[in-house]
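In what follows, chains carry the letters A, B, and so on, assigned in the order in which the sequence lines appear, proteins first and then strands, with residues in each chain numbered from 1.
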Protein chains: 2
Amino acid sequence: MTDGTSERVRPRDRILETAQDMFHKHGIKAVGVDAITEAAGTNKMTLYRHFESKDDLIIECLRATASKAGAMWDAFETEHPGDKLAQLNAWVRKAADMLRADCRGCDMANAAVELSEADHPARRVIKELKEAQRDRLVALCRDAGIGQAELLADTLSLLLEGARVSLQSVGAEGPSAQFVRMAEGLITSFRGAAAR
Amino acid sequence: MTDGTSERVRPRDRILETAQDMFHKHGIKAVGVDAITEAAGTNKMTLYRHFESKDDLIIECLRATASKAGAMWDAFETEHPGDKLAQLNAWVRKAADMLRADCRGCDMANAAVELSEADHPARRVIKELKEAQRDRLVALCRDAGIGQAELLADTLSLLLEGARVSLQSVGAEGPSAQFVRMAEGLITSFRGAAAR
DNA sequence: TCTGGAAGTTACAGACCGGTAACACCCTAG
DNA sequence: CTAGGGTGTTACCGGTCTGTAACTTCCAGA
């Protein structure tokens, strides 16, 4: 057994985890590679042995974040197997849970704002991952038997995205406080339209 | 006549205008004061004679942007005097017009994302200005005779905020393309609820 | 014409950034 | 035990950043 009880985490994974956390909390441009390696208990050379550049590290962080979000979606399915409407409601509740005062918003959206250069390599990845999330929400709405599934999914997407950014600019007492009411009202409204 | 046809703009105003434009296009942290002064046809010393610091310049830029947005609101009133519902529809159309592919989003929201430090002096100003805009939209909805004016205004706010950030992460073909349909549907829905 | 203040110029300070080179070390697989 | 790859350490490069000092130039108003 190579690991035993010690189970030492590889430097690459420590760097990835630490970078995700620091990028999320302080922003990408506000965090230097020196700060990341120090917080991860390693050094800059090791970082550059595992990642081509800071941009490469950013991209890997975004992929890791999206992967965690994907696991959250899987949890909806296992918690409410087959019941798509319950999964959609779980999504709303989970989204509302993330709208706490200390929430710094969506990492991908924030990265898109910070990395303003149109040809930045991270932009491709952000678009890919965001489109995948959109497809998943559309499929969930459709499978829940909602008529205009795309429109509802897009509306919910924009509401959540807006709530996350509003949280940062006006705070938790702003419009984002009404997110659950808006989302649930929309879902019932769309369901009623389908039944009609 | 001191100005004549030349109409020379004061360095301070040139700096403010240029900084607004560059901050909007490239982001705050991506633009240095040297680049601003060069683009404004002046120099760094002149900038620091008119603004205490870069942070101070940022704040003045945000105020100027909000002032321009306020002028836009005034235009709604003059174009549709007394007709609050028409003004609300004009707001929707104006918002949709800003959702072009090259749109870089809301300067205040972007600044809130970029300036992640909780005690950054710009954060107070951002919150103030955003709350003022919210109050204005709530008043417009209420004066348009809509029952749950606050809820509609907050929903529209989040939708627009979300559309602007979605535009940057997934592009113009993403959920933001449906903004007008969503907004108009919401307005008619809320109006129907009031009539009921 | 004189003068005072605004504006421009140059140079610099001090800090931080991403990224690299050269070298010492340790720990594990063979 | 030994060899070698992953890791840590230190120093450095060139560049950029905000902000300041000292000085010159320009221009409008009295």
- May I ask you to list the residues of residues 18-28 of chain A, by number, that have any heavy atom positioned under 4.0 Å from an atom of DNA chain D? none

- Quick one: hydrophobic cluster around A:Leu115, which other residues, with the 4.5 Å side-chain cut-off, linked directly or via members? A:Ile15, A:Leu16, A:Met22, A:Phe23, A:Ile28, A:Val31, A:Val33, A:Ile36, A:Leu47, A:Tyr48, A:Phe51, A:Leu57, A:Ile58, A:Ile59, A:Leu62, A:Met108, A:Val125, A:Ile126, A:Leu129

- Distance, rounded to the nearest Å, where A:Ile36 contributes CD1 and C:dG18 contributes P: 8 Å

- Task: Report the C-alpha separation of A:Glu79 and A:Lys94 in whole Å, then their side-chain angles, then the decisive distance to 0.1 Å, and conclude whether the salt bridge (Lys or Arg N to Asp or Glu O under 4.0 Å) test is met.
- Result: CA-CA 13 Å; A:Glu79 287 168 13; A:Lys94 190 72 182 179; over 6 Å; no

- So salt bridge (charged side-chain N to carboxylate O under 4.0 Å, His left out) across residues 155-174 of chain B, not counting sequence neighbours, yields B:Lys130-B:Glu161

- Message: Just to be sure I understand the geometry, which residues of residues 52-61 of chain B put a non-hydrogen atom under 4.0 Å away from DNA chain D?
- Response: B:Ser53, B:Lys54

- Task: Starting at atom CG of B:Leu47, determine the distance to atom P of D:dT18, rounded to an integer number of angstrom.
- Result: 10 Å

- Item | Length of the line joining B:Phe51:CZ and D:dT20:C1', which is rounded to integer Å | 18 Å

- Message: Looking at B:Glu117 and A:Arg104, is any side-chain nitrogen of the basic one under 4.0 Å from a carboxylate oxygen of the acidic one?
- Response: no

- Message: Using every non-hydrogen atom in the two residues, find where B:Ala96 and B:Val180 come nearest and quote the distance to one decimal.
- Response: CB-CG2, 3.3 Å

- Query: Is B:Lys25 salt-bridged to B:Asp21, going by a charged N under 4.0 Å from an acidic O?
  - Reply: yes

- Message: What is the distance, to the nearest angstrom, from the OH atom on A:Tyr48 to the C1' atom on D:dC12?
- Response: 15 Å

- Protein-nucleotide distance (B:Lys29, atom NZ; C:dC17, atom P), rounded to Å: 11 Å

- Message: Quick check: do A:His80 and A:Leu85 have side-chain heavy atoms less than 4.5 Å from each other?
- Response: no

- Item | Interatomic distance, A:Asp34 CG vs C:dG19 P [rounded to whole Å] | 11 Å

- Please tell me if the side chains of A:Arg134 and B:Val170 come closer than 4.5 Å, counting only heavy atoms from C-beta onward. no

- Message: What is the distance, to the nearest angstrom, from the CD1 atom on A:Ile15 to the C1' atom on C:dG18?
- Response: 15 Å

- Item | Atom CD of A:Glu128 with >12 non-hydrogen neighbours under 6.0 angstrom | yes

- Item | Spacing of A:Glu38 atom CD relative to D:dT7 atom P, expressed in whole Å | 19 Å

- Message: For residues 39-58 of chain A, which residue pairs pass the salt bridge (charged side-chain N to carboxylate O under 4.0 Å, His left out) check, not counting sequence neighbours?
- Response: A:Asp34-A:Lys44

Would you tabulate the nitrogen or oxygen pairs shorter than 3.5 Å linking the protein to nucleotides 6-8 of chain C?
residue: C:dA7; atom: OP2; partner: B:His50; partner atom: NE2; Å: 2.9
residue: C:dA7; atom: N7; partner: B:Arg49; partner atom: NH1; Å: 3.4
residue: C:dG8; atom: OP2; partner: B:Thr42; partner atom: OG1; Å: 2.5
residue: C:dG8; atom: OP2; partner: B:Thr46; partner atom: OG1; Å: 3.0
residue: C:dG8; atom: O5'; partner: B:Asn43; partner atom: ND2; Å: 3.4
residue: C:dG8; atom: N7; partner: B:Arg49; partner atom: NH1; Å: 3.4
residue: C:dG8; atom: O6; partner: B:Arg49; partner atom: NH2; Å: 2.6

- A:Glu77 bridged to A:Lys84 by N-O distance under 4.0 Å: yes

